[in-house]
Amino acid sequence: MGDQEANRAVSHGPGRAKAVTVRPDLATIGGLMLALAGILGGMMLEGGSIAEIVQLTAAMIVLGGTAGAVLISSPFEVALGAIRKLPFIFVDRSESAPAVIEQIIEFAGKARKSGIVALEPEVEMIGDPFLRKAMTLAVDGTDLSELRKMMELEIAIEEHRAEAEAKVYEAAGGYAPTIGIVGAVLGLIQVMKHIENVNEVGKGIAVAFVATIYGVSLANIFCLPAASKLKARLHRTV
């Protein structure tokens, strides 16, 4: 049995493969590691040191400022939903269409033999929320045309919510570089206070620009790619 089959569990009833497979997203993890290795490795080849860009105050300015700007621009529920989506950037949760089709065919066969009401005990055991809701409405005797309209509306609402959550990361990617510039300016202000010490001015300017590095890196290595990944997964499932 392969790794993918080993990760599958039982949806309900013995011997039935789960319709959802969860596994680490190697593309995201590998891409993030490759980007960091390329940037840090290039800096070290130029004679730099990682210790030179490790600065807590710059990280606080960029992360705190970006988070605050995102909360101002996004409804709290949407921002909270985007935070909950964070693990799914690193984990691939894929649907198994054959398993879902097999499950629906089995339900249809049982409904034909014993009536659709006979499916009521199995409805709560369905793992997929969308399918569970559709089956609940069907068992309750909802007209098929109305059921279709309701589920299409459910899909549209889910698409809109997922798009809004992805846009939170897009917004963060837009704000982070600007907040990094703000951090750099604040650092330069502190340097100018001690401009009489020429030997320390150069070092102070170098440290001041660390916030800019944090802001640009956060936007282009994580936030914007994360938004694209969430959108790609949304389009894959609809």
Under 3.5 Å, side-chain donor or acceptor atoms of residues 215-224 against the rest of the protein: list the pairs with distances, not counting sequence neighbours.
{"residue": "S217", "atom": "OG", "partner": "I213", "partner atom": "O", "Å": "2.8"}
{"residue": "N220", "atom": "ND2", "partner": "V216", "partner atom": "O", "Å": "2.9"}

Look at [X] together with [Y] and state whether they make a salt bridge at an N to O cut-off of under 4.0 Å.
X	Y	value
E165	K231	no
R161	E158	yes
E163	K167	no

Would you check, one step at a time, whether the test side chain to side chain contact (heavy atoms under 4.5 Å, CB included) holds for I89 with Y169? CA-CA 11 Å; I89 298 171; Y169 289 97; 4.0 Å; yes

Let me confirm one number: the CD1-NE2 distance from I157 to H160, rounded to the nearest 0.5 Å. 9.5 Å

How long is the straight-line distance from CG of L86 back to CD1 of I83, given to the nearest 0.5 Å? 8.5 Å

[X] vs [Y] side-chain heavy atoms within contact, under 4.5 Å:
X	Y	value
T178	T66	no
V139	T136	no
D25	V91	no

Give the cluster check for [X] versus [Y]: same hydrophobic cluster or not, with ILVMFWY residues linked at side-chain heavy-atom distances below 4.5 Å.
X	Y	value
L80	V78	no
I39	I29	yes
V54	M44	yes

Taking atom CD as the centre, does E46 end up with more than 12 heavy-atom neighbours from other residues, nucleotides or ligands that are less than 6.0 angstrom away? no

Whether Y214 side chain and I53 backbone form a donor-acceptor pair below 3.5 Å: yes

Counterpart residues, side chain to side chain contact (heavy atoms under 4.5 Å, CB included), relative to M150 (two or more places apart): L137, T142

